[in-house]
Amino acid sequence: MKHLLKFYRYIFDWENYLLLVRAIEAARLVRRLLPERAVSPHFASALTAVEWLYLPPQPGWKISDEEKIARFAAFVTGFPVEWGKCVQQSLIVYRLLNGYGIPAKICFGVSRDERLNEGHAWVVKLSEPERPFVEATDPREKFTTVYTSPLPETG
């Protein structure tokens with residue numbers, strides 16, 4: 001119920017309904033492409049999904065606030081129960097940002113602390129490659145980037 005209350009402010013804008021449908025469709029595709037039903041999928045599975053999830057800019061798709069994409073991705077991966085974390089959310093955000101015509105890449109990293117067996121996924125917009133999209137802190141401070149998606153191509 002608290003997830004629904006957070007989204008009350010979005011109820012009166014038509015673009016939000018379209019975004020919700022697109023986020024749900026992207027989440028369904030992510031779930032289909034990741035064979036594990038784990039909150040944190042294997043790195044190899046996530047890499048395989050990246051190419052299939054790239055969506056070129058779609059004619060007619062408009063968004064007033066691109067950060068809503070990340071909020072809706074977090075919503076669909078946590079409702080009604082949490083089924084995904086950074087990898088699933090980043091894959092959804094990567095797909096939708098590119099679909100909305102905001103060129104973005106997805107990045108995967110491993111912990112700089114070798115004792116920890118951790119990883120993280122995040123998205124960067126090509127217009128701001130040094131600033132991870134909607135991350136509270138820069139994940140590159142704690143994680144070494146081991147993969148950045150090839151699409152969309154720069155240039």
Side-chain angles (χ1 to χ4, degrees), residues 1-111 116-125 131-140 142-143 145-149 151-152:
M1 183 65 164
K2 80 176 182 181
H3 287 292
L4 293 176
L5 291 175
K6 286 182 182 179
F7 281 86
Y8 177 75
R9 64 183 163 176
Y10 297 117
I11 200 165
F12 301 108
D13 195 353
W14 179 247
E15 86 174 11
N16 295 329
Y17 292 102
L18 294 173
L19 177 55
L20 180 60
V21 168
R22 292 170 180 151
I24 290 169
E25 191 58 37
R28 289 180 65 224
L29 185 56
V30 166
R31 285 183 72 112
R32 193 169 64 233
L33 291 172
L34 295 176
E36 305 94 12
R37 291 293 176 235
V39 174
S40 295
H42 293 111
F43 180 61
S45 300
L47 283 181
T48 303
V50 169
E51 184 178 335
W52 290 99
L53 286 165
Y54 174 74
L55 182 66
Q58 301 296 295
W61 282 27
K62 305 276 187 250
I63 192 85
S64 61
D65 177 10
E66 59 198 27
E67 290 189 10
K68 285 195 287 189
I69 294 170
R71 288 192 290 273
F72 278 66
F75 175 74
V76 298
T77 58
F79 185 80
V81 295
E82 185 176 56
W83 61 270
K85 290 206 183 266
C86 65
V87 172
Q88 293 88 338
Q89 288 178 25
S90 294
L91 288 168
I92 294 167
V93 169
Y94 166 72
R95 180 172 180 81
L96 294 177
L97 278 175
N98 284 299
Y100 276 102
I102 305 161
K105 293 188 176 219
I106 189 168
C107 304
F108 296 104
V110 295
S111 178
L116 301 175
N117 188 17
E118 295 179 339
H120 187 56
W122 64 93
V123 174
V124 292
K125 297 186 313 182
R131 188 176 146 248
F133 184 65
V134 297
E135 292 276 338
T137 61
D138 190 341
R140 293 170 291 195
K142 289 177 60 179
F143 299 93
T145 305
V146 293
Y147 174 82
T148 300
S149 64
L151 294 172

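In this chain, residues are counted from 1 in sequence order.
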In short, L33 meets W52 closest at the heavy-atom pair CD1-CB, 3.6 Å

Derivation of the salt bridge (charged side-chain N to carboxylate O under 4.0 Å, His left out) call for K125 and E66
CA-CA 11 Å; K125 297 186 313 182; E66 59 198 27; 2.2 Å; yes

Can we say E25 and R22 salt-bridge, meaning some charged N sits less than 4.0 Å from an Asp/Glu carboxylate O?
no

Q.
If we count only N and O atoms by modelled type, under 3.5 Å, do the side chains of T77 and Q88 hold a donor and an acceptor together?
A. no

- Query: Given side chains that start at C-beta, do those of C107 and Y147 come closer than 4.5 Å, heavy atoms only?
  - Reply: no

Practice item. Dump the intermediate steps for side-chain contact (heavy atoms from CB on, under 4.5 Å) on F72 and I92, then the final yes or no. Key: CA-CA 9 Å; F72 278 66; I92 294 167; over 6 Å; no

**Asked** Just by distance, do the side chain of N98 and the backbone of A104 share a donor-acceptor pair under 3.5 Å?
**Response** yes

**Prompt:** Less than 4.5 Å apart, any side-chain heavy atom of L151 and any of Y94?
**Reply:** yes

Scanning both residues in full, the closest heavy-atom pair of F133 with A70 reads CE2-CB, 4.1 Å

Exercise for review: Verify side-chain contact (heavy atoms from CB on, under 4.5 Å) between T145 and F108, making sure each step is shown before the conclusion.
Suggested key: CA-CA 6 Å; T145 305; F108 296 104; over 6 Å; no

Separation between CH2 (W61) and CG (L18), nearest 0.5 Å, reads 9.5 Å

Using a cut-off of 6.0 Å, state whether more than 12 heavy atoms not belonging to R31 lie near its atom CZ. yes

Could you go through K142 and S111, starting from their C-alpha distance and side-chain angles, then the distance that decides it, and tell me whether this counts as side-chain contact (heavy atoms from CB on, under 4.5 Å)?
CA-CA 6 Å; K142 289 177 60 179; S111 178; over 6 Å; no

Note: A121 and S90 closest approach over all heavy atoms is O-OG, 3.2 Å

**Item:** Atom CD of E15: over 12 foreign heavy atoms under 6.0 Å
**Value:** yes

- Message: Any non-hydrogen side-chain atom of I102 less than 4.5 Å from a side-chain atom of I63?
- Response: yes

Once you measure the plane-to-plane angle for Y17 and W14, does it fall in the parallel (<30°), tilted (30-60°) or perpendicular (>60°) bin? tilted

### Message
Set out, in order, the CA-CA distance, both residues' side-chain angles and the distance that settles side-chain contact (heavy atoms from CB on, under 4.5 Å) for Y54 and S149, then state yes or no.
### Response
CA-CA 9 Å; Y54 174 74; S149 64; over 6 Å; no

For residues 78-87, the salt bridge (charged side-chain N to carboxylate O under 4.0 Å, His left out) pairs (sequence neighbours left out) are E82-K85

Taking every heavy atom of W83 against every heavy atom of A27, the minimum-distance pair comes out as CZ2-CB, 3.7 Å

| query | Under 4.5 Å between any side-chain heavy atoms of K68 and N16, yes or no? | reply | yes

Correct closest heavy-atom pair for R71 and D65 would be NH2-OD2, 3.1 Å

Nearest heavy-atom approach of L96 to A23 is CD1-CA, 3.8 Å

* Asked: Under 4.5 Å between any side-chain heavy atoms of V87 and V30, yes or no?
  -> no

inquiry  = Between R95 (side chain only) and L53 (backbone N and O only), is there a donor and an acceptor less than 3.5 Å apart?
reply    = yes

Review point. With side chains defined as the heavy atoms from C-beta onward, is the minimum distance between F143 and D138 less than 4.5 Å?
Key: no

Side-chain polar contacts of residues 38-48 - donor-acceptor pairs under 3.5 angstrom, sequence neighbours left out - could you list them?
unit_1: H42; atom_1: ND1; unit_2: E36; atom_2: OE2; d: 2.7
unit_1: S45; atom_1: OG; unit_2: E36; atom_2: OE1; d: 3.2
unit_1: S45; atom_1: OG; unit_2: E36; atom_2: OE2; d: 2.6
unit_1: T48; atom_1: OG1; unit_2: A44; atom_2: O; d: 2.9

